[in-house]
Each structure stands twice: as structure tokens, then as C-alpha cells.
Amino acid sequence: MNKFFLTLIICVCAVLKLSAQTEWVVPAEHQGKLSPVQFTESMQQSGADIFAAQCQVCHGMPGQGNYNAMLVPSPGDPAAQKFQSNTDGAIFYKVSEGRATMPSFKSALSKADIWNVISYVRSFNASYVQETAEKIETNIPEGTLLALGLRYDEIKKMVEVSLTGSLNQVTNPVGGVGIKLEAKRYFGNLPLGDIKTTNKEGLAYFSWDGTLPGDSLGNVHLIAQVEQVEAYGEVKAEQTLPIGLVNDKPALNKERAMWNTVDKAPLWIIFGFTGAVATAWFFIFYLLFQVKRIFVLGKEPITEEEKII
Ligand code: HEC
């Protein structure tokens, strides 16, 4: 029996270790994330400081191969091919989220600081050419009217949100603006994935696996919104699309339920409830009436006969 448990424990440990060493998969929507600005010398400088303070203990000096070899999985040298073959978006994701002994820096470092570290790490890769997200939004002329469109792309299996701006009857796509997508639920709205930035064509794509339950026809009500309301005002698009799971359970407000309206309550509940309330009020008034009678009786003059008692 002991041997059995020992083997079991060894197996579990082996599986855990194996799973920890598997490829670190970065979700597709994070792969293509790009720095909003071109890396500069000063970004590299502050990146170097952050790296020395936060990363060097485990990753060593880039290019020196002096990373902490005791760690499993290996942190690796940031100048090495394995590390550098990550896209900028993948590095951003890995640094933000962390895994196993690699800490998550989401709350310790600002987004700008993570880009600074990436710019520093990239300076050790001679063949690296930076791609930046275009900040077209800064070019939106005053008075432009923004409008959002929402549709499902059958081929890409993604929800496509398009942002356009019109000025003097000319409509152009607007890139570089953050868009959030939500699905309407009974109690509030459910955010679907992270905020996406529109590309040069003014389009943002949200992956859609079709596992979100819809109504009895599989309809889901989607709401796309421009994220920075302070900067652009409230720009919204709503659409009901038949792309959810068909849900044959009765809707919460269809059948009888505690929060339902009176027109769905059965007769006996209506009569029972009204009867109970009426009886309670009857006794309250009856008691008040009796109290009044005592009060009135107390005021009447007392007869000789009554005095004897
Ligand atoms: C406590 C040790 C530790 C610290 C501190 C640390 N890392 Fe890591 N890092 C790791 C380990 C271990 C891995 C391998 C994780 C895995 O594969 O599951 C890793 C992996 C990574 C990867 C993925 C490498 C690849 O080949 O895909 C990146 C990128 C990374 N670290 C960046 C950083 C940055 C930037 C910092 C500092 C802000 C940092 N790390 C701080 C231990 C650390």
C-alpha cells in the first residue's frame, strides 16, 4: 500500500513538473499587442534600471547567460533566441501575467514601465525592428462625429467592431481607439475579453467561440463602446446577433419566480395574500375601536350603584 502511494506521489510530481515546463502559450489576442510609441534611448535607460532592480536576480544580465539555473522552468537569458523570438505582445503578456516562479508584474509595474523594460531587452537583439501601434486618434479633427458598427465575421469567427468618423459629409475609418465589447445579461453587462484597439481600417476584432449562452434562438445582445468616454464622449453600438448557444431553459422572467410581477402569480396566491393583509388590518382597526370605547366609557359620569362596586 505504501509503495502504491509513493508511486502515486511521484507520478503527480512528474505531471506537475511536466506541465510547468510546457510551452508558455500566449492567447492569440495578446500576441499582436504593440507599443503605442517608438522605443527611445530614454525608455531603454529607465528599462535598464527596472530590469536591474526587478528582473536581474532571476534572468541575469542579458547576453551573459548568468541567469538563475536552479529555477524550473528556466528563466533563460533575455538576449537569447528563445526569449527574443517572442512577439512584443507576448513579452508584455508574460511579464504582466507571470507563470510558476516568474512573478506577475501587472500591479508592480505600470504599462509604460513594462514597455520600457521591453525596449531595454530588445536593445540586445540586433535584428529587431520595432512595429508600433499607430496613434491615429490624435489626428481626429475637432467636430468629427464618431460612429460604431458591430457585426459578426463568419469566416474569421470574430466579432468585428468598426469605428468611423465623419466630418463635412466625409466618413473615414478611425484607428488607435480602445473599444470594449459587452454582452447584455439579466443582471448587468458581461465584458467579453480585453479592450481592443482599432487598426488602420478602424476595425477591432474580438474572438468568438460561440460558448456564450443566448436566448431560445441563440440570440445574444452585444454592446460595443469606445473605452475612453472622457476623451471621445459616449459612442455606442448595440446589436442582437444569433451567435450564442441556444438556451432552452425558460428565461428567469418568463416563469414564476420570486422577483416576478403580479400578473404571473396564480390566483390562490393573490387571494391568500390579499386575505392575510385584510385580516391583519381588520384586527388593527378592531383594537383601535375597542381602545376608543374604553376611552369614551372612562369619561362617562359614575352612577351611585357603580360607586359601591
Ligand atoms: C523570481 C524569478 C524571476 C523574476 C524576478 C523575473 N522572472 Fe521572468 N521568468 C522567470 C522564470 C522562472 C521564467 C520561465 C517561466 C516559464 O516558462 O513558465 C521566466 C520567464 C520570463 C519570460 C518568458 C521567456 C520566454 O522564453 O518566453 C519573460 C519575457 C520574462 N520572464 C521577463 C521578465 C521580466 C521583464 C522581469 C522583470 C520585470 C522578470 N521576468 C522577472 C523568473 C523570473
Side-chain angles (χ1 to χ4, degrees), residues 8-135 176 178 193-197 199 205-207 209:
L8 193 74
I9 289 165
I10 290 171
C11 283
V12 169
C13 289
V15 168
L16 282 180
K17 199 174 162 202
L18 262 182
S19 63
Q21 270 178 328
T22 48
E23 186 79 9
W24 190 347
V25 183
V26 174
E29 65 263 33
H30 294 279
Q31 287 276 8
K33 191 185 178 95
L34 294 172
S35 159
V37 291
Q38 195 76 37
F39 295 157
T40 58
E41 197 97 345
S42 77
M43 283 177 77
Q44 282 172 19
Q45 279 295 317
S46 50
D49 294 342
I50 298 165
F51 189 91
Q54 309 267 7
C55 322
Q56 207 165 327
V57 254
C58 300
H59 287 278
M61 263 302 286
Q64 311 269 306
N66 56 350
Y67 54 85
N68 186 337
M70 307 277 276
L71 292 173
V72 177
S74 163
D77 186 324
Q81 157 70 17
K82 180 175 172 287
F83 193 105
Q84 291 288 338
S85 64
N86 284 293
T87 61
D88 288 351
I91 300 182
F92 190 95
Y93 176 84
K94 290 178 177 180
V95 176
S96 306
E97 299 301 320
R99 183 175 85 152
T101 32
M102 164 73 196
S104 156
F105 286 93
K106 212 168 15 198
S107 36
L109 294 178
S110 69
K111 285 181 182 170
D113 277 342
I114 297 180
W115 285 120
N116 289 345
V117 178
I118 297 175
S119 81
Y120 169 69
V121 168
R122 287 304 196 197
S123 69
F124 292 89
N125 180 350
S127 60
Y128 172 76
V129 183
Q130 195 201 350
E131 246 187 280
T132 47
E134 268 153 283
K135 293 245 335 175
D194 287 340
I195 284 151
K196 300 279 149 59
T197 309
N199 62 17
Y205 289 98
F206 295 81
S207 47
D209 58 6

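For ligands, and for the atoms within them, numbers begin at 1 and follow the listed sequence.
- Near N86, with a cut-off below 4.0 Å to any heavy atom, the atoms of ligand 1 are 25 (C), 26 (O), 27 (O).
- In summary, of the residues considered (K33, Q31, R122), a side-chain hydrogen bond (donor to acceptor under 3.5 Å, both in side chains) with D88 occurs for R122 alone.
- Of all non-hydrogen atoms in G47 and Y120, the two that sit nearest each other are C-CB, 3.8 Å.
- Looking at Q84, its side chain does come within 3.5 Å of a backbone N or O of V121 through a donor-acceptor pair.
- Heavy atoms of other residues, nucleotides or ligands lying less than 6.0 angstrom from CD of Q81 number 12 at most.
- Taking only nitrogen or oxygen atoms, main chain and side chain alike, W24 does not reach within less than 3.5 Å of ligand 1.
- At a 3.5 angstrom cut-off on N or O pairs, T101 does not count as close to ligand 1.
- When heavy-atom distances to ligand 1 are checked against a 4.0 Å cut-off, F105 comes that close only through its side chain, counted from C-beta outward.
- Proximity of P103 to ligand 1 is established by a heavy-atom distance of less than 4.0 Å.
- By the 30° and 60° cut-offs, the orientation of the rings of H59 relative to F83 is perpendicular.
- In summary, the atoms of ligand 1 found under 4.0 Å from a heavy atom of C58, numbered by their order in the structure, are 1 (C), 2 (C), 3 (C), 4 (C), 5 (C), 42 (C), 43 (C).
- Heavy atoms from both the backbone and the side chain of F83 come within less than 4.0 Å of ligand 1.
- Under 3.5 Å, the side chains of D209 and S207 contain no donor-acceptor pair of N or O atoms.
- Atom numbering of ligand 1 starts at 1 in the shown order; those under 4.0 Å from a heavy atom of S74 are 14 (C).
- No donor-acceptor pair closer than 3.5 Å links the side chain of Q44 to the backbone N or O of S123.
- Not a single heavy atom of G98 sits under 4.0 Å from any atom of ligand 1.
- With a heavy-atom cut-off of 4.0 Å, I118 does not touch ligand 1 at all.
- Annotation for Q38: atom CD counts as buried by contact number, over 12 foreign heavy atoms lying within 6.0 Å.
- Of all atoms in ligand 1, listed by their number and element, those nearer than 4.0 Å to a heavy atom of I91 are 29 (C).
- With T197 contributing its side chain and G178 its backbone, the two residues share no donor-acceptor pair below 3.5 Å.
- For Y67, there are no ring pair (Phe, Tyr, Trp, His ring centres under 6.0 Å) partners, not counting sequence neighbours.
- When SD of M102 and NE2 of H59 are joined through atom 8 (Fe) of ligand 1, the resulting angle is 180° to the nearest 10°.
- Taking only nitrogen or oxygen atoms, main chain and side chain alike, K82 reaches within less than 3.5 Å of ligand 1.
- Applying the 4.0 Å criterion to heavy atoms of K94 picks out, from ligand 1, the atoms 23 (C), 25 (C), 27 (O).
- Those atoms of ligand 1 with a heavy atom of V117 less than 4.0 angstrom away are 35 (C).
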